[in-house]
Amino acid sequence: MNKYYSYFIKSILVVISIYFIFSFFLISFYQINNKINNGPFEDAMVQQAYQIILDKPVYTDASVEYTPLLYAPSFFYLSALNILIFGKSLFAVRLISIASIFLLIIVVYKLYRIIFYSFSEPVKIFALILSIGLFLACYKATLFWLDLAKVDSLFLFFIATSLYFFIYIIKKESETVVLAILFAIFSSLLFFTKQTGIFIGLSTPFVLWFFQKKKSAIIFSITFLLLTSGFMLFFNFSDTASKYFLYNIELPSTHPLKIQPDMKKEFFSSFTPSLFALVLLLVLFLIHYLKRKISSIKELYYELLDYDVVIIFIYFIIVNFLISFAGRLKLGAVANSWLYYYFVVSLFSSYIGTSILFSLPIKESKLFKNKVLQIVLILLILGQYFTLRYDSFEKINEITQNHKKNAEYTDLLCKLEQPVLFPTNPYLTNMYCGTRSSYLAQAVQDTMGHGEQFSLFFNSYKKAIENRDYKTILEHKYYPESQINAALKYTQSLIDLNQNKKDIHFYIIFQKALELQKLTQKYYTLKKDDELNIYEKQFKELNPGIHILKPNM
């Protein structure tokens, strides 16, 4: 009877986990062919990868035609291979993210085969399904970010692979050069996918040394340093990436490590559910087993869990918390930053949950106690699923309804008088309408911490506007000239009165932005409703906040 009861509660977790895994891939299937951005600046990621196909610099001086994003290069090079196969499209780059999640599942399975080496195959499969289900349940909580044309899913795959090699090295009795080198390669790839990945590469040797893997620590350190420094120099001095250090090190380092006041609620809601589940699982474990009066914490873990594995997981949780926190924590970039922390916590929670569910002694004297423990455990895991829940069918219905609208959107965009300057979606016209691209507002904001690059963009923009290079300008905001003049006057007074160099630099940049707005409105005029043609009217109906400008004759 107890056997069937155990199967029943485990089956509940398996069914819910499979539901979230299936939901992710089903939603991704619907989203992958969407021809507009599902998330911020996906089209700009495609454009940056396409630079490689054109044999142009990935990182180059800012201009109105192209300003790089502050992402590391490995994602762009992999995307370029897909673009060669599938053509320049969002599909080609989104496929990298979806494939990364699929590969991540394979790596996690390999990881659990090492961790649960003495358990049967069904136990390893259960741990895999539970951990991936817990992680993919956060799909909505992290703004459906996992299948976008962005670096995060690839970064997660490299995190999982690094964790796999780390545990493999620790569990292997003899140290091997090959494992240490492979570990260093994937740790280096972390850094070249997202700069915050450097935390793992720099801290790993100390943890290896703690586990008495001194040979592996030395080999890892040498390999990691050679690879990382070598590729950094290559990217910086090669003809294809002359501004590598600027866009990968200097500009990202200007972002403050703090949470904006208006983002605190989103910050805490983004990672609290996983933290809640992890803490309660650990407390449950400690309460249950400390009653047995085991003399040391190390012996306590050896009673049920592998002490070495627990320490490595805790290390990866801490380092991925730092990776998440050191991400670009500013408006609109909080929830997705916690993907990496979510992932490792889900693996650890599943490791503890699986160990408890499959390792409890089945003795008549402890039958009731173990049933209670299993019920509490499943309620905690279900509680995590509940806090992260979302209606996948509602999301699919939303995507389906938007497909027609998206097709209409791109069709109308191509029917506007070309070329179009559209800072929100700058490269859609380049991909789908065959016209040249225009600047991305987000990328230009990133250059504001570097006066020279912002000046280069400003001069390029000024020249394009004065030459009336764009037949149509689409803007989200349009201010009367009197308001712009008043703002310029006020900004100049702030510059004159302020003694803080950083503040003055910010005000000067803001002043330049106002001058761009004034310059635009000098050479371009807002189209009145009665001047709009049928396509422009339809485009405005799809984008109610858009203002359409035309060049002065």
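Everything numeric in this text was worked out from a predicted model, so none of it was measured. In what follows, residues are counted from 1 in the order of the sequence shown.
In this structure, I159 and N320 have side chains that are in contact, with non-hydrogen atoms separated by less than 4.5 Å. Between D147 and I101 there is no side-chain heavy-atom pair separated by less than 4.5 Å. Side-chain contact check for N38 versus F144: every heavy-atom pair is 4.5 Å or farther apart. Residues S131 and V108 form a side-chain contact, since some pair of their non-hydrogen atoms from C-beta on lies under 4.5 Å apart. The side-chain heavy atoms of T67 and T60, taken from C-beta on, include no pair separated by under 4.5 Å. Side-chain contact between Q48 and Y66: present, with at least one pair of heavy atoms (C-beta onward) separated by less than 4.5 Å. The shortest side-chain heavy-atom distance between L163 and L111 falls under the 4.5 Å cut-off. Looking at heavy atoms from C-beta onward, F183 lies in side-chain contact with S162 at the 4.5 angstrom threshold.
Heavy atoms from other residues, nucleotides or ligands lying under 6.0 Å from OH of Y168 number 12 at most. Annotation: F86, atom CZ; neighbour count of heavy atoms from other residues, nucleotides and ligands within 6.0 Å is above 12. For NZ of K88, the number of neighbouring non-hydrogen atoms (other residues, nucleotides, ligands) closer than 6.0 Å is greater than 12. The local environment of NZ in K395 is crowded, with over 12 non-hydrogen atoms from other residues, nucleotides or ligands closer than 6.0 Å.
At a cut-off of 3.5 Å, with distance as the only test, no side-chain donor of D306 or Y351 sits close to an acceptor on the other residue. Between the side chains of S100 and S153, no donor-acceptor pair of N or O atoms lies under 3.5 Å. A donor-acceptor contact closer than 3.5 angstrom links the side chains of T193 and S74. Using modelled atom types and a 3.5 Å distance limit, the side chains of Y59 and Q51 yield no donor-acceptor pair. Using modelled atom types and a 3.5 Å distance limit, the side chains of N37 and N425 yield a donor-acceptor pair. Using a 3.5 Å distance cut-off with no hydrogens or angles, the side chains of K194 and Y340 do pair a donor with an acceptor.
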### Query
What do the steps show when you test T196 against F155 for side chain to side chain contact (heavy atoms under 4.5 Å, CB included), and what is the final call?
CA-CA 10 Å; T196 49; F155 190 70; 4.3 Å; yes
### Task
Start with the C-alpha gap between F206 and F210, add the side-chain angles, then the distance that decides, and say whether ring pair (Phe, Tyr, Trp, His ring centres under 6.0 Å) holds.
CA-CA 6 Å; F206 300 100; F210 169 80; over 10 Å; no
### Working for ring pair (Phe, Tyr, Trp, His ring centres under 6.0 Å), residues F192 and F235
CA-CA 10 Å; F192 289 108; F235 285 127; 5.8 Å; yes
### Message
I200 vs I323, test: side chain to side chain contact (heavy atoms under 4.5 Å, CB included). Steps then yes/no.
### Response
CA-CA 9 Å; I200 289 179; I323 287 172; 4.0 Å; yes
### Message
Apply side chain to side chain contact (heavy atoms under 4.5 Å, CB included) to residues I105 and L128 and explain how you reach the verdict.
### Response
CA-CA 8 Å; I105 293 173; L128 171 69; 4.1 Å; yes
### Query
Where do T354 and F119 land on the side chain to side chain contact (heavy atoms under 4.5 Å, CB included) test, with the steps shown first?
CA-CA 11 Å; T354 302; F119 288 78; over 6 Å; no
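Without hydrogens or angle criteria, Y112 side chain to L347 main chain gives a donor-acceptor distance under 3.5 Å. Side-chain atoms of S63 do not come within 3.5 Å of backbone N or O of S460 as any donor-acceptor pair. Using modelled atom types, one side-chain atom of D43 and one backbone atom of Y427 make a donor-acceptor pair closer than 3.5 Å. Between the S349 side chain and the V345 main chain, a donor and an acceptor come within less than 3.5 Å of each other. Listed for the Y247 side chain is no donor-acceptor partner under 3.5 Å among the backbone atoms of Y71. A side-chain donor-acceptor contact under 3.5 Å links E175 to the backbone of S216. Of the possible polar contacts, none joining the R94 side chain to the S89 backbone as a donor-acceptor pair under 3.5 Å is found. Here the side chain of T223 pairs no donor or acceptor atom with the backbone of F220 at under 3.5 angstrom. Within the 3.5 Å criterion, the main-chain N or O of A184 finds no donor-acceptor partner in the side chain of S188.
Among all heavy-atom pairs drawn from T447 and A62, the shortest one is CG2-CB, 4.2 Å. For the pair S187 and G201, the tightest heavy-atom approach, listed with the atom from each and the gap, is CB-CA, 4.4 Å. Residues S79 and V93 come closest through the heavy atom pair OG-CG1, 3.5 Å. Shown here for N248 and A72, the closest heavy-atom pair between the two residues is OD1-CA, 3.1 Å. The nearest pair of heavy atoms linking G87 to A92 is O-CB, 3.6 Å. Closest non-hydrogen pair, V14 versus I129, comes out as O-CG2, 4.0 Å.
Atom CD1 in I317 sits 11.5 Å away from atom CZ in F343 (nearest 0.5 Å). Atom OG in S174 sits 8.5 Å away from atom NZ in K215 (nearest 0.5 Å). The CG atom of L146 lies 9.5 Å from the CG atom of L104; values are rounded to the nearest 0.5 Å. How far CD1 of I98 is from CD1 of I27: 11.0 Å, rounded to the nearest 0.5 Å. Here the straight-line distance linking atom CZ of F102 with atom CZ of F25 works out to 7.0 Å at 0.5 Å rounding. Distance check: S392 OG to Y19 OH gives 3.0 Å after rounding to the nearest 0.5 Å.
Ring centroid separation for the pair Y342 and F135 does not come in under the 6.0 Å cut-off. Ring centroids of F313 and F348 are separated by less than 6.0 Å, placing the two rings close together. F321 has its ring centre less than 6.0 Å from the ring centre of W338. Side-chain rings of F166 and Y315 approach one another, their centers coming within less than 6.0 Å. Remark: aromatic rings of F20 and Y390 are close, center separation under 6.0 Å.
F358 carries K10 over the face of its six-membered ring, with the cationic atom under 6.0 Å from the centre and within 45° of the normal.
We find that E42 and K150 are not joined by a salt bridge, their nearest charged nitrogen and carboxylate oxygen being 4.0 Å or further apart. Under 4.0 Å is where a charged nitrogen must lie from a carboxylate oxygen, and between D61 and K243 at least one such pair does.
Note on ring orientation: taking the six-membered ring where Trp is involved, the planes of F158 and F186 are tilted (angle from 30° to 60°).
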